[in-house]
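Each residue takes its place number in the sequence, starting with 1. Every number for a ligand or one of its atoms is a count from 1 in the order of the listing. All values derive from a computational prediction rather than experimental measurement.
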Amino acid sequence: MSVKVFEDKETQDLLKAATNIDGAQGNPRFKQILHRLLSDLFKAIDDLDITPDEFWTGVNYLNKLGQDGEAALLAPGLGLEKLLDIRMDAEDRQAGLEGGTPRTIEGPLYVAGAPVKDGVARMDIDPDPDAGPLVIHGTVTGPDGKPVAGALVECWHANSKGFYSHFDPTGAQTEFNLRGAVRTGPDGKYEFRTLMPVGYGCPPQGATQQLLNQLGRHGNRPAHVHFFVTTDTFRKLTTQFNIEGDPLIWDDFAYATREELIPPVTEKTGGTALGLKEDTYKDIEFNLSLTPLVHGKDNQLVHRVRAAA
Ligand code: MBD
Ligand code: FE
């Protein structure tokens with residue numbers, strides 16, 4: 001069977017009617033976007049001779065995706081969240097905006113509301129026998145290279161099982177375990193005392209992994225640590241670093257890895273004096289360089305539904 005009906009008046013009229021594209025009511029931007037997406041879907045069904053069985057498989061997949069709460073997990077898995085970064089990077093280049101710590105995707109596992117500490121925060125609340133101590137520290141600087149006082153540095157990462165608090169399928173973690181927030185002082189410095197994370201893997205029975213299986217892809221990320229840096233003066237930075245040496249660094253299912261975001265891990269002693277669980281600990285320096293507002297505002301601030309506790 002290879003019929004082609006996309007260009008037919010009947011099909012085009014249906015597309016217009018379904019999106020009320022010529023009507024006065026509704027949200028014009030929403031109608032513009034939906035008309036385009038629906039049109040592309042109509043065309044794909046026609047071009048690829050998508051069968052009714054294939055179509056309903058897709059519809060039921062969307063139901064499972066929603067039931068599993070994984071739409072914001074599939075988005076990075078399909079490279080869509082990375083595409084938004086690629087576009088923001090291109091916008092910056094077009095505007096002549098250079099420098100600063102590179103952005104990389106937020107991902108779906110941030111939780112707002114971690115208690116804010118001055119300069120230094122302890123992030124590990126729950127014991128995790130399989131994770132060694134880790135200190136993450138650095139300086140927040142502005143476009144002039146000078147330290148930024150009063151910056152809010154938020155940090156979140158997984159435990160030794162690759163699970164995040166609030167989203168832990170085993171229910172094992174306390175609220176805000178491995179989630180920290182510090183306010184920088186005049187020296188612009190921040191420090192997090194925490195435990196070494198392990199890479200995340202998509203829930204094996206979830207909709208995202210189900211789709212990845214059909215593609216012959218894995219759903220794993222290298223070990224990584226997320227950051228938000230928020231100030232009144234500069235653009236908000238959303239970034240992550242990867243733990244150097246993780247075998248998945250260049251095979252991240254969410255495409256967040258960037259050359260500049262793999263800081264060296266060094267071994268130090270003196271952890272006992274810092275209150276860490278062992279005297280020998282891993283140390284990562286990760287400096288955070290911010291970029292200026294554009295015409296007085298943050299032109300790339302992202303609003304999305306986020307968990308809060
Ligand atoms: C993560 O921890 C993450 O950072 C992303 C982007 C997707 C899934 C899990
Ligand atoms: Fe993550």
(Q) Looking at the Fe ion (ligand 2), is there an N, O or S atom belonging to Y164 that lies under 2.8 Å away from it? (A) yes
Q.
Strictly distance-based, threshold 3.5 Å: is any side-chain N or O of K31 a donor or acceptor partner for the main-chain N or O of G23?
A. yes
Q. Which ligand 1 atoms does I105 reach within 4.0 Å, using its non-hydrogen atoms?
A. 6 (C)
Q | Residue and atom name of the nearest protein heavy atom (relative to atom 3 (C) of ligand 1), distance in Å to one decimal | A | R221 NH1, 3.2 Å
Q. Would W156 and F176 count as a close aromatic pair, with their ring centres under 6.0 Å?
A. no
Q) Using 30° and 60° as the class limits, which term best fits the ring planes of F286 and F241: parallel, tilted or perpendicular? A) perpendicular
Q | Close side-chain approach of V140 and V153, heavy atoms under 4.5 Å | A | yes
**Q.** E106 touching ligand 1 at heavy-atom level, < 4.0 angstrom
**A.** no
**Q.** P108 near ligand 1 by a heavy-atom separation under 4.0 Å
**A.** yes
Q. With a cut-off of 4.0 Å, which atoms of ligand 1 are near a heavy atom of L109?
A. 1 (C), 2 (O), 9 (C)
Q: Please tell me if the side chains of N159 and Q173 come closer than 4.5 Å, counting only heavy atoms from C-beta onward.
A: yes
Q: Kindly confirm whether the Fe ion (ligand 2) is within less than 2.8 Å of some N/O/S atom in H157?
A: no
Q.
Suppose I only count heavy atoms of L73 and a 4.0 Å limit; which atoms of ligand 1 are within that range?
A. 7 (C), 8 (C)
Q | For H226, atoms of ligand 1 separated by under 4.0 Å from a heavy atom | A | 2 (O), 4 (O)
Q: List the steps and the verdict of side-chain hydrogen bond (donor to acceptor under 3.5 Å, both in side chains) for Q210 and Y61.
A: CA-CA 9 Å; Q210 184 186 326; Y61 178 78; over 6 Å; no
(Q) Is it the case that the side chain of T139 and the backbone of N287 share a donor-acceptor pair, with hydrogens and angles ignored and the cut-off at 3.5 Å? (A) no
Q.
Rounded to the nearest 10°, what angle sits at the Fe ion (ligand 2) between NE2 of H226 and NE2 of H224?
A. 100°
Q. Would the number of heavy atoms belonging to other residues, nucleotides or ligands and lying under 6.0 Å from CG of D232 be above 12?
A. no
Q) Can you find a non-hydrogen atom of H224 under 4.0 Å from ligand 1? A) yes
